[in-house]
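Residue numbering restarts at 1 for every chain, and letters A, B, ... go by the order of the sequence lines.
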Amino acid sequence: MTDAFKPRSDFLRVLIERGYVHQCSDYAGLDAKALSGSLVAYIGFDCTAPSLHVGSLLQIMMLRWLQQTGGKPLALMGGGTTMVGDPSGKDESRKLLSVEQIEANKTGIRKVFDRFITFGDGRHDAVMPDNAGWLATLNYITFLREVGRHFSVNRMLAMDSVKLRLGREHELSFLEFNYMCLQAYDFVELNRRCGCVLQMGGSDQWGNIVTGLDLGRRMGTEQLFALTSPLITTASGAKMGKTAAGAVWLDASMLAPYDYWQFWRNCEDADVGRFLKLFTVAPLGEIARLEALGGAEINEAKKVLANEATAMLHGRVAAEEAAATARQTFEEGALAESLPTVDVAAAEFEAGLGALTAFVRAGLVASTGEARRQIRGGGLKVNDVALADERAVIGRDALMASGVVKLSLGRKKHVLLRAV
RNA sequence: GGGGGAGUGUCCCGAGUGGCAAAGGGGGCGGACUGUAAAUCCGCUGGCUACGCCUUCGUAGGUUCGAGUCCUACCUCCCCCA
């Protein structure tokens, strides 16, 4: 579908070339708008968590490219919609957050955006509005009279997302049904306030976004546009961003840069090229070269991916540190001082620390029971020596010159215990 | 409002005759093979001061030597009728 269209604007060209585009309501129209140099676009973000995770990275990158190509990005915080809870598909309704929590979350999220886009008051500076600004004070009757009358229930019922819900056993509550109305209203409000004409989002947002276009037309805004990105799964079909440890957070205090680097380093072969295009700003020519590497050489491409992705989020220095730690640990088999470290009182080593407890302390296993199981499966190592006895004790003799013991779970997860 | 059905190992789905730490999947973790990949094969997948002890089957009681399993009430969800 996008093949036939030749964009003239940098914005659309980059997005299409790099694989961000799944669907667009009007390629030519949007292209012309982008070419005019005054394109303002927004993406909505949940503020139910203190930061964002890689699941949102694709959207963040789209805003980044928008700014890079001369547009103005709006990162809309769903402070208002968070108050009613996000119903999209989930069985469990989200717990209500206090206003303070929402504010704190917004601060954390803002930190992420600051790494990718520039905020300010200028023409192309990004802005982070909060829909609580207009939703919280909405009067029901006024809303129905001025906005609600424009929604066609017939049309909404025909939407895939709604049909799906009606067909399944899970009901669709009135609140959820209204959610898309609020989202559509956000779009119109952002158009009035900031001249925003484009909403972007994941492909699952298509229906909601188009509802916004429709509302805009009925309420007399200028022509609005919709553009969605594909749902990103790994080559083997898994949803991206889930690891054993949990979500891949975009915050150093929630996920260390080293782990973030490892996340990208461990991607599947078949994903490298696509991920380089989506999650780094490396030139396409360079990516094509890296992507073409075969066999074990593809690991070079993975390192570039990890380096670039980490540098963008945590800075070049942190990325290089992570790369160095990985190199020492995996390629040279040396002890990298910068591995995740947990402090343990020196006295405990004197007394002899139970190996099971030590691994629990290091956070490598959740319980001593799990530690026992891993030992049986040969998964635990102390200073690179597989642990065979559950009752083993880690004493002072295990400490290396630098005063640390290296504990490993499998081949990839290592933690240092340091005597203090 | 009336009738019928369902809630199981806190990741998910899902068997279960009164003796059950509870079948089987998926997912996840570990091992082997590799390249810190994929695919494949194997093991593990309640907790603990661990040849024993403790806590689990929507919630609270009851019957029983013994309850996921039987009885009662309550909660939640689904379906049909109104």
Can you measure [X] atom [atom1] to [N] atom [atom2] for me and round it to whole angstrom units?
{"X": "A:R376", "N": "B:G30", "atom1": "CZ", "atom2": "P", "answer": "17 Å"}
{"X": "A:E268", "N": "B:U36", "atom1": "CD", "atom2": "P", "answer": "16 Å"}
{"X": "A:K381", "N": "B:G31", "atom1": "NZ", "atom2": "P", "answer": "6 Å"}
{"X": "A:L276", "N": "B:A37", "atom1": "CG", "atom2": "P", "answer": "18 Å"}
{"X": "A:I375", "N": "B:C44", "atom1": "CD1", "atom2": "P", "answer": "16 Å"}
{"X": "A:F359", "N": "B:G30", "atom1": "CZ", "atom2": "P", "answer": "13 Å"}
{"X": "A:L305", "N": "B:A37", "atom1": "CG", "atom2": "C1'", "answer": "13 Å"}
{"X": "A:E390", "N": "B:C48", "atom1": "CD", "atom2": "P", "answer": "12 Å"}

- Do the rings of A:W264 and A:F279 sit parallel, tilted or perpendicular, given the 30° and 60° boundaries? tilted
- Task: Just say parallel, tilted or perpendicular for the rings of A:F330 and A:H414, cut-offs at 30° and 60°.
- Result: perpendicular
Could you let me know what [N] is paired to, Watson-Crick or G-U wobble, both distances under 3.5 Å, or none if it's on its own?
{"N": "B:C77", "value": "B:G5"}
{"N": "B:A22", "value": "none"}
{"N": "B:C51", "value": "none"}
{"N": "B:U72", "value": "B:A60"}
{"N": "B:U40", "value": "B:A32"}

- Task: Would you mind telling me which of B:U36, B:A37, B:C29 lies closest to the side-chain atoms of A:K302?
- Result: B:A37
- Of the nucleotides B:G30, B:U36, B:A37, which one has an atom closest to the side chain of A:W261? B:U36
Inter-nucleotide [atom1] distance ([N], [M]), Å rounded:
{"N": "B:A21", "M": "B:C12", "atom1": "P", "value": "24 Å"}
{"N": "B:U69", "M": "B:A15", "atom1": "C1'", "value": "13 Å"}
{"N": "B:C54", "M": "B:U49", "atom1": "P", "value": "16 Å"}
{"N": "B:U59", "M": "B:C77", "atom1": "C1'", "value": "15 Å"}
{"N": "B:A38", "M": "B:G24", "atom1": "C1'", "value": "27 Å"}
{"N": "B:C57", "M": "B:A22", "atom1": "C1'", "value": "9 Å"}
{"N": "B:G46", "M": "B:C65", "atom1": "P", "value": "33 Å"}
{"N": "B:G61", "M": "B:U56", "atom1": "P", "value": "12 Å"}

- Geometric cation-pi criterion A:R218 and A:F151, 6.0 Å radius, 45° cone: no
- Using a 4.0 Å heavy-atom cut-off across all strands, classify A:R372 as base, sugar-phosphate, or nothing. base
- Task: Remember a base hit wins even if backbone is also touched, and classify A:I298 as base, sugar-phosphate or nothing at under 4.0 Å, heavy atoms.
- Result: base
Tell me whether the OP1 or OP2 atom of [N] has a side-chain N or O from [X] closer than 4.0 Å.
{"X": "A:R373", "N": "B:G47", "result": "yes"}
{"X": "A:K413", "N": "B:G30", "result": "yes"}
{"X": "A:K412", "N": "B:A37", "result": "yes"}
{"X": "A:T368", "N": "B:U49", "result": "yes"}

- Kindly label the base of B:C54 as syn or anti, based on whether its glycosidic torsion lies within 90° of 0. anti
- Glycosidic class, syn or anti, of B:C65 using a 90° window around 0: anti
- Message: Side chains of A:Y185 and A:E189: any donor to acceptor distance under 3.5 Å?
- Response: yes
- Query: Is it true that the side chains of A:S9 and A:D31 contain a donor and an acceptor less than 3.5 Å apart?
  - Reply: yes
- More 5' along RNA chain B: A:L409 or A:A326, using each one's nearest nucleotide? A:L409
- Task: Find which nucleotide of RNA chain B each of A:Q374 and A:D269 is nearest to by heavy atoms, and output the residue with the more 5' nucleotide.
- Result: A:Q374
- Task: Decide yes or no, distance alone: a donor-acceptor N/O pair under 3.5 angstrom between the base of B:U36 and the side-chain of A:Q262.
- Result: yes
- Note on the structure: Here the salt bridge (Lys or Arg N to Asp or Glu O under 4.0 Å) pairs for residues 136-159 of chain A, sequence neighbours left out, are A:R155-A:D214
- Task: Mind jotting down which residue pairs meet the salt bridge (Lys or Arg N to Asp or Glu O under 4.0 Å) criterion with at least one end in residues 297-310 of chain A? Sequence neighbours excluded, please.
- Result: A:D269-A:K302, A:E300-A:K303, A:K303-A:E331, A:E308-A:R316
- Please check if the side chain of A:D130 supplies one atom and the backbone of A:G133 the other of a donor-acceptor pair under 3.5 Å. no
